[in-house]
Amino acid sequence: MKYLVRDKIFAIGDDYWIEDELGRHAFLVDGKALRLRDTLELKDPDGRVLITLRQKMFSLRDTMTIEREERTLATVRRKRLSLLRNHYRVTLVEGTELDVSGRVLDREFTVEYDGELLAHISRQWFHVRDTYAVNVVREDADSALLVAVAVCVIRMAERERED
């Protein structure tokens, strides 16, 4: 399943829809303004919060948590520095690790588990400027989680570039 994201500079308080490949609203990214730390909520079309992304306070490295139903589901950290590629590690609560690598600021990267492709994020499928897709490859994958991972690492990479 492909999800279409119209790219914009992410700012606190910004809300935007992510559509499925048929053009239907799939997820709303709700930026929470006036919060002490960076917080985003991923909601379904009916407004139910599916996932919350939060900047982790007092962390040595830039870290964000992914929460579901007010419980931490995963932690996202920058894995290593490289001039050409970004590398992030997503550690799920039960210990499973997902690797995110590629050119995040160019919206060309992958999410993998143990070498198996779970999602491919790319602009190459679209000729529309400032649009990219999150292509969830596995049918049994948690689409909301993979979309949240993509939004999270893009947010982190954007902040790193600003610093």
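A quick note: this is a predicted structure, and the numbers were derived from the prediction, not measured. Note: hydrogens, waters and symmetry copies are ignored here, and every other heavy atom, side chains too, is used.
Across all non-hydrogen atoms, the minimal contact from Arg77 to Thr75 is NH1-CG2, 3.5 Å. The two residues Ala150 and Ile121 have their closest heavy-atom pair at CB-CG1, 3.9 Å. Between His25 and Pro45, the closest heavy-atom pair is O-CG, 3.2 Å.
Between Arg48 and Glu69, none of the side-chain N atoms (NZ, or NE/NH1/NH2) sits under 4.0 Å from a carboxylate O, so this pair counts as no salt bridge.
Between Leu42 and Val147, the closest side-chain pair of non-hydrogen atoms falls below 4.5 Å. Inter-residue side-chain proximity for Leu40 and Arg155 is flagged as met; some heavy-atom pair is nearer than 4.5 Å.
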Going through the checks in order, is the side chain to side chain donor-acceptor pair (under 3.5 Å) test met by Ser122 and Glu108?
CA-CA 5 Å; Ser122 179; Glu108 296 291 338; 2.8 Å; yes

Could you walk me through whether Lys2 and Asp20 pass salt bridge (Lys or Arg N to Asp or Glu O under 4.0 Å), step by step?
CA-CA 6 Å; Lys2 283 186 187 161; Asp20 66 16; over 6 Å; no

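Of the inter-residue distances, the one linking Arg68 atom CZ with Asp142 atom CG reads 4.0 Å to the nearest 0.5 angstrom.
Using modelled atom types, one side-chain atom of Arg107 and one backbone atom of Leu105 make a donor-acceptor pair closer than 3.5 Å.
Among Asp106, Leu4, Ile154, the single residue meeting the side chain to side chain contact (heavy atoms under 4.5 Å, CB included) criterion with Tyr132 is Ile154.
Linking ILVMFWY side-chain heavy atoms closer than 4.5 Å, directly or via other members, places Leu73 and Val100 in a single hydrophobic cluster.
Between Tyr3 and Phe27, the ring planes lie tilted relative to each other; the angle falls in the 30° to 60° range.
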